[in-house]
Each structure stands twice: as C-alpha cells, then as structure tokens.
Amino acid sequence: MFRRRTALSVSATAALLAATPLLAACSGDAHPGAAAIVDGKRITVAQLQAKVKDVRAAQAKSPQGGQLIMNTGRLSLATLNGMIFDEVLARGAKGAGVTITRSDIQKWRARAEKQAGGAERLKAMWLQQGVAPDEVDAMVRNQLLLDGLAKHLGADRGKPQGQQKLAQALAKTSRSMGIDVNPRFGKWDDQQVILGETKDPWITTEHVRQQA
C-alpha cells in the first residue's frame, strides 16, 4: 500500500492527459471552482491545473517527454489525490508533534541525490512519477513527516503491522477533516486515505531509504 509519487517506486496511471482535459467546476456545483474541500479549506481547480501544468512543462523539456506524458496520463487525478493526502498527513503529523526543519530536508535530499547518481538524476526520477522539480522538497518533507508519525506511533513501516497502524491513524485523521471532493474528480475514501480512482497514494522510497 504505502506508495504515491516517488523517485523510485510508484504506480503510474495510463492515458494521455491531452485526451483527458482537466475538468472545471460548473456553477451548479456545491462548491463552485473547488476541486475539493479539506477541513473547510478549498483546493481550487485553478490550483490543481497550475500544478499539472508545472509537471507537463517540465516533462515537455525532457528527451523522453512523450513517454513521460504517456506514463502519467491521468495526472490531474493523481495530483489532486496527492494534494488531499498532503493535508491529511500534515494534520496527522502536527497532532503527533512531528516537526521537520529545512536542514532535515536538505540532509535527506543530499543522501537521496547521492544514491540516485546526482541532483538532476533524482529530479528526473521524480518527474517520471509526475512530480515537478520544484516540488521535490515538498515530497521529501512528506517522507520525513511519515517517518516521524510512524515513529511517534511506534509503527515499523517495514512491516505489515506497522503499515496498518499508520494507515489507521491517518484514516482517523482523514475522517475528522470532512473531505468533500468535486464529483467530477471522484470520491475520497477515508478508510484507504485515497481518491477513489487512483491507486497507491502513499510515499515510499525504499531504495533511497536503504541508503539515506
């Protein structure tokens, strides 16, 4: 289970975004202009589109741009899934007293870059999974928040029992946040902490983690 957009391990959705235009909320929606409401906070369609465009612009510059786009076809859904999960994780970590410093992020990223074969190589790996270069630090932060939350719970993320314990804690947090997704994008599953039509929402970087 615990996988989402990662440098080295993730399940990517298929089909070209060009064939699946980004959806816009209509005036008849319960929350006009919102892709989702999370704990009373709006994630707007415009914010979602901006993130998707950022990824697509970076992918277009890659020599493998066409393949990257093909492998991350339903990027809008995967991105919204990530944006919602980020909010749930942040709330759960805050409740557990987990804090991450800029220094923590820099140290973790430096080790990951070394393992990947350099900074550009690491960014290229994340881009394969739909993460723009300027979002890498945010992804590292989430990895550290998950590690910190797991430690607080006494959950070993390398074992099924630990994964289950962490999942249960995040599911409880998710339920408390009243997450409401625009039906055009699907339905949020509090139990799995995932947007219905996406898969493997959690972060894992096992190969990097072994060296970090």
Exercise for review: Go through the steps to decide whether Ser174 and Trp188 satisfy the test side-chain contact (heavy atoms from CB on, under 4.5 Å), and finish with yes or no.
Suggested key: CA-CA 9 Å; Ser174 180; Trp188 182 257; 2.8 Å; yes

Review point. Where do Lys51 and Thr79 come nearest, in terms of heavy atoms and distance?
Key: CB-CG2, 3.8 Å

Point to revise | Candidate pair Leu149 and Asp147, rule side-chain contact (heavy atoms from CB on, under 4.5 Å), full reasoning | key: CA-CA 6 Å; Leu149 180 57; Asp147 287 344; over 6 Å; no

**Study point:** Worked verdict on Lys172 versus Asp190 for salt bridge (Lys or Arg N to Asp or Glu O under 4.0 Å)
**Key:** CA-CA 8 Å; Lys172 181 178 180 180; Asp190 285 316; over 6 Å; no

Practice item. Identify the heavy atoms of Ala36 and Ile84 that sit nearest to each other, and give their distance. Key: CB-CD1, 3.9 Å

Review point. Is there a donor-acceptor contact under 3.5 Å from the side chain of Asn142 to the main chain of Met139?
Key: no

**Study point:** Closest non-hydrogen atom pair between Ile37 and Arg42, with its separation
**Key:** CD1-CG, 3.4 Å

Point to revise | Considering all heavy atoms, the nearest Ala155-Gly162 contact | key: CB-O, 3.4 Å

Exercise for review: State, to 0.1 Å, how close Leu80 and Val181 come at their nearest heavy-atom pair, and which atoms those are.
Suggested key: CD2-CG1, 4.3 Å

Study note, to complete from the structure: Applying salt bridge (charged side-chain N to carboxylate O under 4.0 Å, His left out) to Asp156 and not counting sequence neighbours gives none

Exercise for review: Determine, for Arg91 against Glu87, whether the closest basic-nitrogen to carboxylate-oxygen distance falls under 4.0 angstrom.
Suggested key: no

Residues 116-124, side-chain donor-acceptor partners within the protein, below 3.5 Å, at least two apart:
unit_1, atom_1, unit_2, atom_2, d
Glu120, OE2, Lys123, NZ, 2.9

**Study point:** For Lys165, all residues meeting salt bridge (charged side-chain N to carboxylate O under 4.0 Å, His left out), sequence neighbours excluded
**Key:** none

Check your understanding: Who pairs with Lys107 by side chain to side chain contact (heavy atoms under 4.5 Å, CB included), at least two apart in sequence or on another chain?
Key -> Ser103, Arg111

Review point. Can you tell me how far CG of Leu48 sits from CG of Leu77, rounded to the nearest 0.5 angstrom?
Key: 8.5 Å

**Study point:** Closest non-hydrogen atom pair, Val88 against Met177
**Key:** CA-SD, 3.8 Å

Review point. Taking only residues two or more places apart in sequence, or in another chain, which ones meet Ser176 in a side chain to side chain donor-acceptor pair (under 3.5 Å)?
Key: none

Review point. Just how far is it from atom CZ of Arg56 to atom CD1 of Ile69, taken to the nearest 0.5 Å?
Key: 5.5 Å

**Study point:** Distance (rounded to the nearest 0.5 Å) between Arg141 CZ and Trp108 CH2
**Key:** 14.0 Å

Practice item. Go through the steps for Gln128 and Gln64 under the test side-chain contact (heavy atoms from CB on, under 4.5 Å), then give the verdict. Key: CA-CA 9 Å; Gln128 290 174 14; Gln64 295 80 38; over 6 Å; no

Exercise for review: Spell out, as yes or no, whether a donor-acceptor pair under 3.5 Å connects the side chain of Thr173 to the backbone of Ala169.
Suggested key: yes

Practice item. Kindly say whether Leu195 contributes a backbone atom to a donor-acceptor pair with the side chain of Asn81 at under 3.5 angstrom? Key: yes

Check your understanding: Are the side chain of Asn182 and the backbone of Phe185 linked by a donor-acceptor contact shorter than 3.5 Å?
Key -> no

Point to revise | Polar contact flag, side-chain donor to acceptor under 3.5 angstrom, Gln59-Thr72 | key: yes

Check your understanding: In chain order, what residues pass the salt bridge (charged side-chain N to carboxylate O under 4.0 Å, His left out) check against Lys61, with sequence neighbours excluded?
Key -> none

